[in-house]
Asker: 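Would you mind keeping the following structure in view while I ask a few things?
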Amino acid sequence: MPHELPKTYDPTAIEDHWAEFWVRENLFAQPTPEPGNDADQSFVILLPPPNVTGRLHMGHMLNQTEMDILTRWRRMCGDRALWVPGTDHAGIATQMMVERQVVSEGSSRQKLGREKFVERVWEWKRHYGGAILDQMKRLGASVDWSREYFTMDERLSVAVREAFVKLHEQGLIYRGAYIVNWCPRCQTAISDLEVVYDEHKGHLWEIRYPVIGEDGKDSGEFLTVATTRPETMLGDTAVAIHPDDERYTHLHGKKLRLPLVDREIPIILDEWVSREFGTGAVKVTPAHDPNDFALGERHHLPSINVMDDTGHVNENGGKYAGLDRYVARKEIVQSLEERQLLAGIKDHVHNVGHCDRCKTVVEPRLSTQWFVKIQPLADKAIEAVEKGHIKFTPEMYAKTYFEWMRNIHDWCISRQLWWGHRIPAWHCANCHKVTVAREDPATCAHCGSEKITQETDVLDTWFSSGLLPVSVFGWPKISQETRADFDAFYPTSLLVTGFDILFFWVARMIMLGCWFGGDVPMADGSPRELKDAVPFREVYIHALVRDANREKMSKTKGNVIDPIEIVKQYGTDAVRFTLASMASPGTDIAFNVARTEGYRAFANKIWNAARFIFMNVDKAAEVGISVDRSVLGAMPTVGEDAPLEARWIVAELHATAARVNESLANYRYDDAANAIYQFFWGSFCDWYLEIVKLRLNFETQPVRGPEAALTTLVGVFEAALRLLSPFMPFLTEELWHAVYEGKPPERSIALTQYPQTSSYEGDSTRISFRHNYDSTVLEMRVIQSVITALRSHRKDLGVPEKERVPAVIFCAEEDGSLTAGYMVEEANRQLCDALARVDLTLKMERAPVGVKARVEVGFTVVIQYEAKIDVAAERERLTRDIAKYEKGLAAAERQLGNEGFLAKAPAPVVEGLKKQAAETKMLLDKARAALDALSGK
RNA sequence: AGGCGCGUAGCUCAGUUGGUUAGAGCGCUUCCUUGACACGGAAGAGGUCGUUGGUUCGAAUCCAAUCGUGCCUACCA
């Protein structure tokens, strides 16, 4: 069956087909292994769950490309590879989205009521929630779709409830009134990490608070405070000054009358107050500021909440009640001014916190919330990394991790939302105590009353996603029958994620994983130690994908690159390769489509190499020669008697495979990708294919030569496809199937063996890669440099491209015997003849002076061609060369004359430099002679 | 305010423990539509490695200072 491939590679024509094929065939499903399997053989990776409302962006694509490369690589290396996909229910984002939808229909969340609204969210999720995973399917991510999770799934919800109840039993969950970041628009508490600070030009209002005299009446004196949020004064319960502030010593023990509210408040002394800032007197509003709250605790001050859920002044605000916080601010400032209590307004630049989701200004607010007492969990999480049970790449992120973990605050886990895991706590109307339970209780655990109602708050989304590494493998329901997954797949091998997620997934998964993973005994029944309780053994952190100008992508700037669009234009493989080749650990990726264009060209190059190969396979078939496909699938080998190019390309393939395997083991996707690129294009196509063309003359040559050449050609190509496959799964899948002409030994290239160099050892009739690599490559390099010198020289002389010309290569004694040794071989001279289009003669002597020549280390070539020599240009070139050589030689001689260098530098370095100096001297002499000869004319 | 990075060719980036003449892709110049490929081939040009000082026989690499630049954390009213 002849191969029919179009001249240009068109990714769109094949990618959909294979993407569907991989999913349909369930190719990457990793069934639960039989008990007793070695967990060390597993490579397990959990997709950091994208937001269910999300669309795929470049960051995801980078993240997934890296995971897919590793997973495909480990799978092909023989590991039990498992990549588990899923999505996160994303409490606030999803609720917001559906709420907007409901409002656009003229209804509202409140009108629908909790139950109906939650049903609406589920409905939305069923219809649109799979978008990002569908995109993943199209991009060929080799995940196990049969294990797809959603954080609100029943089995994962069981884990959430278990974790909550357990932490509660352990005394690590408490409920209380504290200052939290409150979003008045989302009407929920949000985490510190969901608050983004923006610099904002505001004001510092200075307000005069009347001092109350001994008699209980205003003394006529004032204490001036400074504030950026004057409206919070309605809730002031003190004013604080520094105890050593001499300006205010006489006010110690006095009271003030809070303007507009007429409340008597004390002056308190606290060293926290900065004497330099503002007026040195700070109003204290414990219900609306975390620092003030702490002051209030220290000084036993009451907290007066003056704001409601929506950011409006509440009934405690007297006549300002009902006003929006900014309207209230304006009116309060005006009232103060009218009463001459405003001492001044100064411009003040400060940071204002905004809700990460909706950009509304966050209101620090006292409210009753549920918290996790985090220190015990953090301690374990710190220990796990300190002891090396979890390794970070790049290492510097461990520092960031420690920094954050060591300064951690208790975790506010309650959210005033409807979409999420509802907190399993019931309040009793009778005894007012709380019942926390695994199963919904009918009565209060304390007094037996039936008048109990479930807590309305839900849990922070991270509470559930942080549990994923344990929960996706069955925790907490680990029994003798159900534990096979956990035994085989926990701890997972690796988490791949962006640095911006360090404190979300990474930190939380480590804390919760170490805490609950340890509950599950090992397969042999022994207790699980911390090193095996960790959720993953390694963390690889990648950087940000920026635009071509290194700008951060953002919707407002309009510079967002949609990966799907780029994929449509250039093909998935090209985009993947772009990301991989730039994914150097710790460096942001400036995504430039010019580069993707280059890798599309690379794909096209391989495609055309395949066309060439298939063309020859077909030609061979016509004369009855067929390729022995039974030798494919392993690492190609050749005998010592094989022609140079065959020995060389096989040696290069082995070297490349070694480098790629090593690079991937160190997360050097860039090194790995570049090594393959260099091999495929620079070695295989540029040199090997050009040479092998000479061998594939089926009509005129004896059969054995072309047949052997064809076998090596196909063998190396097939192995190289496997090497490239994790990076370019689509192209390689297509061509690999074509190599086997529809009768492949596996369903997919992804299930074949990854090229390894170790398989090359042990067979003495074959050249050993390690043993012969150097000599083969050296020989080839010499041939290449001769060919390049000839080509270059042709250009200098202006020889027409197609013209075949006589040439002489001079290898004098002083040049050493290396080149001469190789050029004595007729086969090698023939290679030079063919690739440089010359008729080459070897002369073991010095090149004649005064002849236009090309001088190289080890040899000189002269092409016999009548050419007009541009004397001026030639002189300029020689002069430039001489200067370069002189400089190099002087530097080398200076160092060689340095006794310290000779005494201390290692011998190979000294030897190398000596050799280099000699070579440079030779080149310099010849260049000088040539210049003299030129001038003599 | 603290912490962490980065500064190498026109652009985007490699350069692992200091060691021979600092690499790649894209872009650029010249020539070539030769039977795999013009998304191609061939040959080239292009860098005092931000600056200054130090350690060393030897520094892009280590140290210090300095300039520039980016990010993270905190959030003094």
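To find a chain, count down the sequence lines: A is the first, B the second, and so on, and within it residues start at 1.
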Asker: Produce a footprint string for nucleotides 72-77 of chain B: one letter per nucleotide, 5' end first; B if the base is under 4.0 Å from any protein heavy atom, S if only the sugar-phosphate is, - if neither.
Answerer: SS-BBB
Asker: With P as the reference atom in both, quote the distance from B/U34 to B/C39 in angstrom, rounded to an integer.
Answerer: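 Looking at atom P only, B/U34 and B/C39 are 15 Å apart.
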Asker: Counting primed atoms plus P, OP1 and OP2 as sugar-phosphate and everything else as base, spell out the protein contacts along nucleotides 34-46 of chain B at 4.0 Å heavy-atom distance: B, S or - for each nucleotide, 5' to 3'.
Answerer: --BBSBSSBSS--
Asker: Could you check whether A/Glu856 pairs with A/Arg854 (Lys NZ or Arg NE/NH1/NH2 to Asp/Glu carboxylate O, under 4.0 Å)?
Answerer: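 Looking at A/Glu856 and A/Arg854, the cut-off is met.
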Asker: Using side-chain hydrogen bond (donor to acceptor under 3.5 Å, both in side chains) as the criterion, list what pairs up with A/Asp270, not counting sequence neighbours.
Answerer: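 Listed in chain order: A/Arg298, A/His299.
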Asker: Can you see whether A/Glu15 engages A/Thr572 through a side-chain donor-acceptor pair at a distance of less than 3.5 angstrom?
Answerer: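 Yes, because at least one side-chain N or O of A/Glu15 sits under 3.5 Å from a partner of the opposite role on A/Thr572.
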Asker: Just to verify, what does A/Val282 make a side chain to side chain contact (heavy atoms under 4.5 Å, CB included) with, not counting sequence neighbours?
Answerer: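 For A/Val282, the residues satisfying side chain to side chain contact (heavy atoms under 4.5 Å, CB included) (neighbours in sequence not counted) are A/Ala240, A/Trp272, A/Val273.
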Asker: Using whole Å, what does the distance between atom C1' of nucleotide B/C71 and atom NE2 of A/His542 come to?
Answerer: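 Rounded to whole Å, this separation is 15 Å.
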Asker: Do A/Asp347 and A/His203 have side-chain atoms, one donor and one acceptor, less than 3.5 Å apart?
Answerer: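 Distance-only check passes for A/Asp347 and A/His203.
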Asker: Within the 4.0 Å heavy-atom criterion, would you say A/Arg546 contacts the bases, only the backbone, or no part of the nucleic acid?
Answerer: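 Here A/Arg546 touches the backbone only, sparing every base.
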Asker: Hey, do the aromatic rings of A/Phe277 and A/His348 have their centres closer than 6.0 Å?
Answerer: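 Ring-ring flag for A/Phe277/A/His348: true, centres closer than 6.0 Å.
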Asker: Looking at A/Lys693 and A/Glu645, is there a salt bridge between them, counting it only when a charged N and a carboxylate O are closer than 4.0 Å?
Answerer: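 Here A/Glu645 does not pair with A/Lys693 in a salt bridge, since their nearest N and O are not under 4.0 Å apart.
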Asker: In this structure, are over 12 heavy atoms from other groups packed under 6.0 Å from A/Glu803 atom CD?
Answerer: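 Enclosed: over 12 neighbouring heavy atoms sit under 6.0 Å from CD of A/Glu803.
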Asker: Once you round it to whole Å, what is the distance between C1' of B/A14 and CG of A/Asn674?
Answerer: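 Between C1' of B/A14 and CG of A/Asn674: 8 Å.
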Asker: Based on Watson-Crick and G-U pairs with both distances under 3.5 Å, what dot-bracket line describes RNA chain B 5' to 3', crossing pairs as [ ] and inter-strand pairs as |?
Answerer: (((((((..((((.....[...)))).(((((.......))))).....(((((..]....))))))))))))....
Asker: Using the test side-chain hydrogen bond (donor to acceptor under 3.5 Å, both in side chains), find all partners of A/Glu718 that sit at least two apart in sequence or belong to another chain.
Answerer: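 For A/Glu718 the side-chain hydrogen bond (donor to acceptor under 3.5 Å, both in side chains) partners, ignoring immediate neighbours, are A/Arg722, A/Trp736, A/Tyr740.
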Asker: Taking atom C1' of B/U17 as reference, at what distance in whole Å does atom CG of A/Asn666 sit?
Answerer: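 These atoms are roughly 14 Å apart.
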Asker: Which donor-acceptor pairs under 3.5 Å do the side chains of residues 665-684 of chain A make with protein atoms, sequence neighbours left out?
Answerer:
residue, atom, partner, partner atom, Å
A/Asn666, ND2, A/Glu662, O, 3.1
A/Tyr667, OH, A/Glu538, OE1, 2.6
A/Arg668, NE, A/Asp670, OD1, 3.0
A/Arg668, NH2, A/Asp670, OD2, 2.8
A/Asn674, ND2, A/Asp670, O, 3.1

Asker: What's the gap between B/A45 and B/C28 when it is taken at their C1' atoms, as a whole Å value?
Answerer: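 To the nearest whole Å, 8 Å.
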Asker: Below 4.0 angstrom, N of the basic side chain to O of the carboxylate: do A/Lys921 and A/Glu886 qualify?
Answerer: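 A salt bridge is absent here (no side-chain N lies under 4.0 Å from a carboxylate O).
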Asker: Give A/Gln678 one of three labels, base, sugar-phosphate or nothing, depending on what nucleic acid heavy atoms sit under 4.0 Å from its own.
Answerer: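 Touches nothing.
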Asker: Enumerate the protein-to-nucleotides 54-63 of chain B contacts in which both atoms are nitrogen or oxygen and the separation is below 3.5 Å.
Answerer:
residue, atom, partner, partner atom, Å
B/C57, OP1, A/Lys904, NZ, 2.2
B/C57, O2', A/Asn898, ND2, 2.5

Asker: Run the side-chain hydrogen bond (donor to acceptor under 3.5 Å, both in side chains) test against A/Thr587 and tell me which residues pass, sequence neighbours left out.
Answerer: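 For A/Thr587, no residue satisfies side-chain hydrogen bond (donor to acceptor under 3.5 Å, both in side chains) once neighbours in sequence are set aside.
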Asker: What is the distance, rounded to the nearest whole Å, between atom CG of A/Asn407 and atom C1' of B/G2?
Answerer: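 It is 11 Å, rounded to the nearest whole Å.
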Asker: Does the pair A/Asp547 and A/Phe591 meet the rule for a side-chain contact (heavy atoms from CB on, under 4.5 Å), with working shown?
Answerer: CA-CA 5 Å; A/Asp547 75 0; A/Phe591 191 91; over 6 Å; no
Asker: With 3.5 Å as the limit, what N/O pairs link the protein to nucleotides 5-12 of chain B?
Answerer:
none

Asker: With sugar-phosphate meaning primed atoms plus P, OP1 and OP2, does A/Ser581 contact a base, only sugar-phosphate, or nothing at under 4.0 Å between heavy atoms?
Answerer: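 Answer is nothing: A/Ser581 stays at 4.0 Å or more from every strand.
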Asker: Can you pull out every side chain to side chain donor-acceptor pair (under 3.5 Å) where at least one residue sits in residues 280-296 of chain A? Sequence neighbours excluded, please.
Answerer: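 Qualifying pairs, neighbours excluded: A/Thr232-A/Lys283, A/Asp236-A/Lys283, A/Asp236-A/Thr285, A/Lys283-A/Thr285, A/His288-A/Asn305.
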Asker: Knowing that exactly one of A/Tyr570, A/Phe730, A/Trp607, A/Phe602 qualifies, which makes a ring pair (Phe, Tyr, Trp, His ring centres under 6.0 Å) with A/Tyr9?
Answerer: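 Per the ring pair (Phe, Tyr, Trp, His ring centres under 6.0 Å) rule, the option paired with A/Tyr9 is A/Trp607, out of A/Tyr570, A/Phe730, A/Trp607, A/Phe602.
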Asker: Kindly write out the residues that satisfy side chain to side chain contact (heavy atoms under 4.5 Å, CB included) with A/Pro230, not counting sequence neighbours, or none if the list is empty.
Answerer: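 Checked A/Pro230 against side chain to side chain contact (heavy atoms under 4.5 Å, CB included); matches are A/Trp205, A/Ile207, A/Thr227, A/Arg329, A/Val333.
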